[in-house]
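All residue numbers refer to positions in the sequence shown, counting from 1. Bear in mind the structure is a predicted one, so any value in this text is a computation, not a measurement. Indexing begins at 1, ligand by ligand and atom by atom, following the structure's order.
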Amino acid sequence: MIVSKLPNVTTTIFSIMSKMANDHNAINLSQGFPDFPSDPLLSQWVNEAMEQGYNQYAPMQGDLGLREVISEKCGSLYGKHYDPQTEITITAGATQAIFTAIAAVINKGDEVIVFSPAYDCYEPAIELFGGISVPIQLRPPSYVPDWGEVVQHITPQTKMIIVNTPHNPSGSILSENDMLQLQELAVKHDLWVISDEVYEHIIFDGQKHQSAARFEALSKRAFITASFGKTFHNTGWKMGYCLAPKALSEEFQKVHQYNVFSVNHPAQVALARYLKDKDHYLGLPAFYQQKRDVFIDLIKDSRFKIVPSKGTYFQLLDYSDISSEGDRAFAEYLTKEHGVATIPTSVFNKNQEDFKQIRVCFAKKEETLKAAAKILNGL
Ligand code: PMP
Ligand code: GLN
């Protein structure tokens, strides 16, 4: 008999909705990925790396050239030096970085505070290593933490807090003050932090990304996780990294070396080359803000209520003026009957609380956004 280690885990909502979109030939604004190609130059450089012979194992921590350019990027953007030799690990996407960080420090009975709606890979990893996830519900429209409430959830067993800014699925961001409060709590209660920053370069309206790297005492306790898939429009490559101080990185790498050992070598060589041109990531806020604004403008006369996203490539839409159905039923109806697939957000909430909000991904070609808007406006 199989005794499941994760009895409550089922297929992710991203797979469910993308499959439903395919089955019903619907426009897929559900799972978060672009429908436009990533830069051909990047693919060409992966090819060149393969031709140049980068086809065997990369070093366990990742290609040194890539770690060096990540270190430079973090230094210039957030004023924090991470040593490429000891404090940076290249991973198979942020998912593996998050899993590995949790595996490295969470023991049986440890409590981990997560903010709901939470990205779905945190909780299963916590449980798998015997930890207990302690959700704190964020609420619309702002979806920002109440730090007084957080204090009330800290117990002697609390070992870690996971934050995500810009935040999937709400599009909210943490302010400098939020990060200072987090820092104070983490220091006072001796907590580790995972700061999931996969959307660090997708932030709008001139706001500054408040990376945990900017805060000295916080960075000493933090695993910062990042995703090239999100930054360079190639989610299928599954490339990312983890920044953490030396002692934490050492523990992280003890797990990493027996989990994957190392990740795709030619992609690392190409990414190292590509990251040298800062425009490749500094242009992203404007690029995605334009898409957000085009989409919002296209549906401004619809019956959906819109709170503009502050970051990520997601936008929440409140459909309570259109239907009183639960969000899963509404998302299913929208996909099957109208041909637009979205993500119901209750699945990420504590006790699946339903705010009647669906998430759309606007990382799409203008023609896709126009075709979807036409349908949404008719509801
Ligand atoms: N964290 C968040 C908040 C995400 O939205 C995602 C999905 N990209 C990930 C982590 C995982 O990133 P990756 O695809 O690089 O594993
Ligand atoms: N990060 C993507 C999203 O939020 C999904 C990735 C996945 O399918 N696991 O839509």
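The ring of Tyr288 has its center no closer than 6.0 angstrom to the ring center of Phe204. The aromatic ring centres of Phe36 and Phe287 sit less than 6.0 Å apart. Taking the six-membered ring wherever Trp is involved, the centroid distance between the rings of Phe14 and Phe348 falls below 6.0 Å. Separation of the Tyr57 and His265 ring centroids does not fall under the 6.0 Å cut-off. When ring centroids are compared, Tyr241 and Phe228 come within the 6.0 Å threshold. Side-chain rings of Phe129 and Phe99 approach one another, their centers coming within less than 6.0 Å.
Around ligand 1, the residues contributing at least one heavy atom under 4.0 Å from the ligand are Gly93, Ala94, Thr95, Ile98, Tyr119, Asn164, Asn168, Asp196, Val198, Tyr199, Ser227, Lys230, Lys238.
Within the structure, ring-ring contact (aromatic ring centres under 6.0 Å, His included) pairs that include any residue of residues 145-185 comprise Phe115-Trp147 (at least two apart or interchain).
The closest side-chain donor-acceptor pair between Glu197 and Thr165, if any, does not fall under 3.5 angstrom.
Remark: Leu64 engages Arg67, Glu68, Pro84, Gln85 in a side chain to side chain contact (heavy atoms under 4.5 Å, CB included) (not counting sequence neighbours).
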N/O to N/O under 3.5 Å, ligand 2 against protein:
from     : atom 1 : to     : atom 2 : distance (Å)
ligand 2 : 1 (N)  : Tyr119 : OH     : 3.3
ligand 2 : 1 (N)  : Lys230 : NZ     : 3.4
ligand 2 : 4 (O)  : Asn168 : ND2    : 2.8
ligand 2 : 4 (O)  : Arg359 : NH1    : 2.9
ligand 2 : 8 (O)  : Gln31  : NE2    : 2.6
ligand 2 : 9 (N)  : Tyr119 : OH     : 3.4
ligand 2 : 10 (O) : Gly32  : N      : 2.6
ligand 2 : 10 (O) : Arg359 : NH2    : 2.7

